[in-house]
Amino acid sequence: MSTDMVKAAADKLAKSAGRSSLDDFVNAKTRRSLLLVDCSSSMNGYIHTGETKIAALRNVVSDLRKTHAVPVAAFSGSNEVALVDSVPAARGMTPLHKAIQFGTEQGANHLIVVTDGQPDSEPLAFAAAREFGRPVDVFYIGDGNDRGAAFSRELAALTGGTANLASMDKPKELQSKIAGFLSDGTETL
Amino acid sequence: MAMTPQQRSDAARKAAATKAANRANGIGPTPKAPRAPRAPRTTAAPAWVPGATPRPTSQGQRLVVLAALEDFYAVRMNEIGITQDARDAFERYQKIKALALGPTSSAAAQTEADSALRMAAITLVKLSF
């Protein structure tokens, strides 16, 4: 057994020693989070800085991934979902149900959705979430009083996740809040 | 009857011409391709470096085993679900582990840490299997 293995084991044990609960300990090792980002055409809207929401989100995700090794999938177009290294250009519709199904197929056990609107189909999105069966945390970019925000709350409640309001005018805040739902990935099995 | 020098010379010339004609017509054995240069011999890295690679210890191996047991325990709990009893047992395990991984400034402390590490491993085996 090499000294590297012994050192790695000692580091892992020290890290897990800091877990305050069994739930925390298990989550750190077994949680497979997938970040689903809405790249529908509504994300081409502008924010107060003069840039588009999609450009701001691109920076948020890029900065987030410097410290948190979370895979990202973009959903847009006509039922298009794909893993991405960088948030792509915004276009088309909001196939959230397809994105959640993608998460199920990829073996994720935790989804974080960042969206600014209503999905193409709320019933299909709810059905996909039930099928997924694990927590879906939602970050809704917009007015907390519209139907989109209400849908986000219902989706999170259905899955045992949390619904959060976010503003692309405060990208660091959004980045920090998303990071709060993620582990750094160093303990993930 | 032995051939005269002239006859030998004519025969050799004829044989060479026939060989050349056959080669031109694709008849006969193809010439061997030039041999590829042999790859330089590489020596496998030694399994251990005398004077540099530390000797393995049972303490180190225990740490590796314990870390692997923790991974197994996490996956097992994720599969079967976490109960309050499991949470309480984990809390006790964390305390034992803290003793095992704590600083050892004396031989007595090292002995205590070794015992705690043994106990931590046994506890995890009981919780996991």
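This one's a predicted model, so the numbers in the text were calculated from it and none came from an experiment. Below, chain A is the first sequence line, B the second, and so on; all start at residue 1.
- For A:R65, the CZ atom sits in a packed shell: over 12 heavy atoms of surrounding residues, nucleotides or ligands are nearer than 6.0 Å.
- Interface remark: of the candidates B:R76, B:R87, B:E70, B:E70 forms the most heavy-atom pairs closer than 4.5 Å to chain A.
- When all heavy atoms of A:M5 and B:V64 are compared, the pair lying nearest together is O-CG2, 3.8 Å.
- By the 4.5 Å heavy-atom criterion applied to side chains, B:M77 and A:F25 are not counted as neighbours.
- With respect to chain A, the highest number of heavy-atom pairs below 4.5 Å among B:V75, B:L66, B:I82, B:T57 belongs to B:I82.
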What's the verdict on side-chain contact (heavy atoms from CB on, under 4.5 Å) for B:D71 and A:K12, showing C-alpha distance, side-chain angles and the deciding distance?
CA-CA 10 Å; B:D71 289 346; A:K12 273 176 85 167; 2.5 Å; yes
Begin with the C-alpha distance, continue with both residues' side-chain angles, and end with the deciding distance and a verdict on side-chain contact (heavy atoms from CB on, under 4.5 Å) for B:T53 and A:T3.
CA-CA 8 Å; B:T53 308; A:T3 49; 5.5 Å; no
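- B:E91 is not listed as a side-chain neighbour of A:L22, based on a closest heavy-atom distance of 4.5 Å or more.
- With a 4.5 Å cut-off on non-hydrogen atoms, A:N27 does not touch chain B at all.
- Contacts between B:L63 and chain A at a heavy-atom distance below 4.5 Å involve backbone atoms as well as side-chain atoms.
- Of the two parts of A:L13, the backbone and the side chain both hold a non-hydrogen atom closer than 4.5 Å to a non-hydrogen atom of chain B.
- Annotation: A:E131, atom CD; neighbour count of heavy atoms from other residues, nucleotides and ligands within 6.0 Å does not exceed 12.
- Of the two parts of A:S16, the backbone and the side chain both hold a non-hydrogen atom closer than 4.5 Å to a non-hydrogen atom of chain B.
- Under the 4.5 Å side-chain heavy-atom criterion for grouping Ile, Leu, Val, Met, Phe, Trp and Tyr, A:M93 is not connected to A:M43 through any hydrophobic cluster.
- The heavy-atom pair separating A:R19 from B:Q94 by the smallest distance is O-NE2, 3.0 Å.
- In terms of heavy-atom pairs under 4.5 Å with chain A, the best-connected choice from B:A86, B:A74, B:A120 is B:A74.
- Contact of A:A14 with chain B is made through the backbone alone, with heavy-atom distances under 4.5 Å.
- Between A:V26 and B:F90, the closest side-chain pair of non-hydrogen atoms is not below 4.5 Å.
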